[in-house]
Amino acid sequence: MEHRTTAEQVVARLSRQDKVRLLSGRDFWSTKAAPGVASIMLTDGPHGLRKQASSGDHLGLSDSVPATCFPPAVGLGATWDVDLLEEIGRALGREAAAENVGVLLGPGLNIKRHPAGGRNFEYFSEDPVLSGRCAAALVRGVQSQGVGACLKHFAANSQEFNRMRADSVVDERTLRELYLAGFEIAVEESSPWAVLSSYNRLNGEHTGESRRLLTEILREEWGFDGLVVSDWFATADRVKGITAGMDLEMPSSRGAWDAAVLAALESGELSEDDLDRCCTRVVELVARVTRHDESPDMAPGAVDLDAHHALARRAAAAATVLLTNDGTLPLRDLERVALIGAMSRVPRIQGAGSSLVNATRVDSVVDALRERLGGDVEIAQVDGYDVHSGDATPAQLAEARAAAAAAQVAVVVVGLPARHESEGFDRTTLRLPAGHDALVEAVLAENPRTVVVLVNGAPVELPWADRPAALVEAYLGGQAGGSGLVDVLVGDVDPGGRLAESFPVSGAELAATANFATHPTQVEYRETFHVGYRFHDTCGVAPRFAFGHGLSYTTFALSGLTVSGSGQQRQVEVTVTNTGDRTGSTVVQAYVHDVESTLPRPQQELKAFAKVELAAQETRRITLDLDRRAFAVYD
C-alpha cells in the first residue's frame, strides 16, 4: 500500500525520542505531532459525535458540541438492517469530518453476556453474527467520509463491575466462537482503521499487553491493518504494550512512560522493530485521516442536521419492537387518549456515560403525538411517577387511574431512568422501578385497552407482560425517538424491530448469573456458550420474549425453502410474501443445528439473516449464504 511506504519513510527520519513520544496522546483527545506527522483528534461516537471543546472530562457533557443523537446500538441492533446502519454511519462520519475529528471511538460490539451489564445499551446483541455485521455496516459508513472508526472494547469486556481490574477467564472455544467472532466479522467485512483494547485482563493478561490477542489473532489471523489504541487510562505497562502491538496510549500520560520505554530499548527488552511498527501504524492512521481534511463540503455549516434528524427518526421507528398486540395498535378512530408516564414528556433518549451526546434537538412522545393527531383527539398527559427516581406517589397513581378510566386507550410509557443503567456500574436487578410496575398495574385495572411502551437500554423482567393490549419495546430512541415511536403507534410506519437479545422471565434463571459481577477481581465464564438464546434453546428454559421476535402490522409467509451447494458452501433460498394489506418488513433468519456432534453444541445458532420490506401482496425470493464458518466449531 502506498501510504505504508510513506509512513515507514516518515518513521525512519524520526529520532528515537520522537518515536517514543509519538506513541502517546498530546492531551485528552488528540495525538501528538512529530516532524512530518500531524496531530489528529479521536473522540467518542458510537451513536453520535461527542466532541468536547475543552480538555474533556471523559464522562458527561462538558463543552460537547451539538450533534445528532441516533439510537444507541441496542436500538440499531434491533433493526437488523445493515443498509440503514451504513447510512447512519455515513451521517456520523460527515458530522465528525465537519468538526475535524479524525477517529470516532465506536462502534461497540461486545457480546451481551448478561442482561444486567451496565453498558449493554452500547452493544448490538447477544449474538456475534448480528453484532459483527451491524458493526461492519457502521464502520463502512463512517469511513466512507474519511473518518476512522474504532471497534471496541477488545475483548471479553461484558461487565462494568471492577472493569479496570477484572480478569475475564474464558475457555478458548467460547472465546473464539462468541466473544471474538463479532470482532472478526467486523474486521473482515469493513477493514476498520482502529481497534480499542479493553480495560480488563483476559486469561491473566491485560488485553493491551497481549501479543497473542493484538498481533497473532487480530493482525496475523484476521488481517487487521489498522491501529490499536488503549481505552482511556487502560495502560498498565507501556513496554509490554508496544511489544504486544498496542500502538497508541490514550489519553496523554504527560510522558510518564517515556523513560521506561527508552530504557527498555537500550537494554534490548524492547526491540526497535516493535517500536517502529507501532509508530508506522500511528503515521498511517494520521495519513488516512488528514488526506480528507480541508474539504469545503465538510465544513460544519454543510451538514444537513434536519436530514440527519429525519434519519434518526426513521431509525427509531425501525428499532421499535412490537412484542404483543391484540389489534389495539395501530391507534385509530380515537377521541380521547391517556398518555401516562413522565418519560413521555421528558424523554430518555440514550445511555449515560462516555457515549452521552449533546443532541441538536429532542422530540418528546407527547409533543409528537399531539402534532400527529391534531386537535380532533384529546390527549390527557399525566406523569404517573418521578422521572428521575422512578418512584410513584399515591396521588400520582390516582391521577393515572382517573386518566385511564376516562380514555378509550391508555398509553403507558415506563422503563429505566438514567440512574438505573449507565457506564461504570451493572444493574443489581432486572426489575423496573417499583413505581413503574405499580403504575402499569394501576392503569391495567382501569382500562383493558392499555398499550405499554418500554424505554430502556437492556432487558427487564415483566411479570405482567401478558396483560396489556399491546406491549412495545422502544429502547432508547435517540433524539427523534419520540416522533419515531409515534410513527409506529399510529401506524404511519410498520414496527421494524426484532429483538437482538433475549428477555428472560427472571434473571435468576440465567446460566451466567452465578458468575456475573460477583468476584472483586475475576470473571469466570463458566456458562461457556450458554448465553442468550443459546442458553434458552439448549437448556429448555423459555424466555419471556425470544431473540429475533417482533410483530408487524401486516403478515408474512415463507415458502419454497431450498438448500443448494455442497460441502461447507451452501445457499438457502426462501420465498417471502407479504400476505397482508399494507407495506411492512420482516427479518428472515437462518439458524444452523448440528444433528450429530462429538462436542456439546448449542441447539441452534444464527448464521445468516436478511431484512426484507415488501408492499402488500408482494413476493420476493431471498438467498442467504452459509460458508465454512457457519458449520464450524473452534478446536
Side-chain angles (χ1 to χ4, degrees), residues 25-31 40-76 85 88-109 118-123 135 138-139 141-143 145 147-153 160 192-194 196 199 229-234 250-252 289 298 300 303 305 308-309 311-312 315 347-362 418 421-424 457 476-481:
R26 181 187 74 190
D27 52 32
F28 204 85
W29 296 115
S30 301
T31 64
I40 62 171
M41 184 176 201
L42 302 85
T43 194
D44 290 316
H47 64 277
L49 179 67
R50 196 179 75 95
K51 178 185 177 182
Q52 293 180 303
S54 68
S55 60
D57 61 357
H58 190 45
L59 303 178
L61 278 171
S62 172
D63 298 326
S64 292
V65 300
T68 306
C69 178
F70 292 95
V74 62
L76 297 183
L85 266 63
I88 291 170
R90 289 194 293 272
L92 290 170
R94 190 171 184 84
E95 291 193 25
E99 289 289 345
N100 202 26
V101 168
V103 177
L104 280 175
L105 299 174
L109 67 155
R119 215 166 176 177
N120 279 3
F121 56 80
E122 281 193 60
Y123 304 139
L138 271 179
V139 169
V142 170
Q143 294 185 170
Q145 304 302 301
V147 174
C150 182
L151 301 179
K152 65 181 189 181
H153 307 85
E160 290 297 283
W193 294 0
L196 182 141
Y199 287 119
V229 56
S230 71
D231 205 340
W232 265 233
F233 304 106
M250 288 297 290
S252 170
V289 171
M298 289 301 178
V303 175
L305 293 176
H308 287 185
H309 185 78
L311 175 59
R348 183 175 176 228
I349 65 172
Q350 59 185 318
S354 63
S355 67
L356 207 63
V357 176
N358 184 11
T360 59
R361 55 191 276 199
V362 177
E421 56 177 350
S422 170
E423 177 182 355
L476 306 176
Q479 68 179 54

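Everything numeric in this text was worked out from a predicted model, so none of it was measured. The analysis underlying the following values was restricted to heavy atoms, covering all of them including side chains, and did not include hydrogens, waters or symmetry mates.
Formation of a donor-acceptor pair under 3.5 Å by the Q145 side chain with backbone atoms of L92 is not found in this model.
With values rounded to the nearest 0.5 angstrom, K51 atom NZ is found 11.5 Å from L104 atom CG. Atom SG of C69 sits about 12.0 Å away from atom CZ of R50, to the nearest 0.5 Å. Between the OG1 atom in T68 and the CZ atom in R361 there is a gap of 9.5 Å [rounded to 0.5 Å]. How far NE2 of H47 is from CG of L138: 11.5 Å, rounded to the nearest 0.5 Å. To the nearest 0.5 Å, the span separating CG on L356 from CD on Q350 amounts to 4.5 Å. One finds the OG1 atom of T43 at 12.0 Å from the CG atom of N100 (value rounded to the nearest 0.5 Å).
The shortest distance between side-chain heavy atoms of Y123 and H153 falls below 4.5 Å. The side-chain heavy atoms of P46 and K152, taken from C-beta on, include a pair separated by under 4.5 Å. Contact check for L305 versus E95: side-chain heavy atoms found under the 4.5 Å cut-off. With a 4.5 Å cut-off on side-chain heavy atoms, P107 and V139 count as touching.
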- Query: Stepwise, does the side chain to side chain contact (heavy atoms under 4.5 Å, CB included) test hold for V357 with F70?
  - Reply: CA-CA 9 Å; V357 176; F70 292 95; over 6 Å; no
- Assess whether side chain to side chain donor-acceptor pair (under 3.5 Å) is satisfied between T360 and Q479, documenting all intermediate values. CA-CA 8 Å; T360 59; Q479 68 179 54; 3.0 Å; yes
- Message: Under the criterion side chain to side chain contact (heavy atoms under 4.5 Å, CB included), I'd like the reasoning laid out for V303 against H308: C-alpha separation, chi angles, the key distance, then a yes or no.
- Response: CA-CA 8 Å; V303 175; H308 287 185; 3.6 Å; yes
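For the pair F121 and S355, the tightest heavy-atom approach, listed with the atom from each and the gap, is CE1-OG, 4.0 Å. The two residues L105 and L42 have their closest heavy-atom pair at CD2-CD2, 4.2 Å. Nearest heavy-atom pair, P251 versus D27, reported as atom, atom and distance to 0.1 Å: CB-O, 3.6 Å. Pairing each heavy atom of M41 with each of Q52, the nearest pair is CE-O, 3.8 Å. Between V103 and C150 the shortest heavy-atom distance is CG1-CB, 4.0 Å. E160 and G424 make their closest contact through OE1-N, 2.8 Å (heavy atoms, listed as atom of the first residue, atom of the second, distance).
Classified by interplanar angle (parallel below 30°, tilted 30° to 60°, perpendicular above 60°), the ring pair W232/W29 is tilted.
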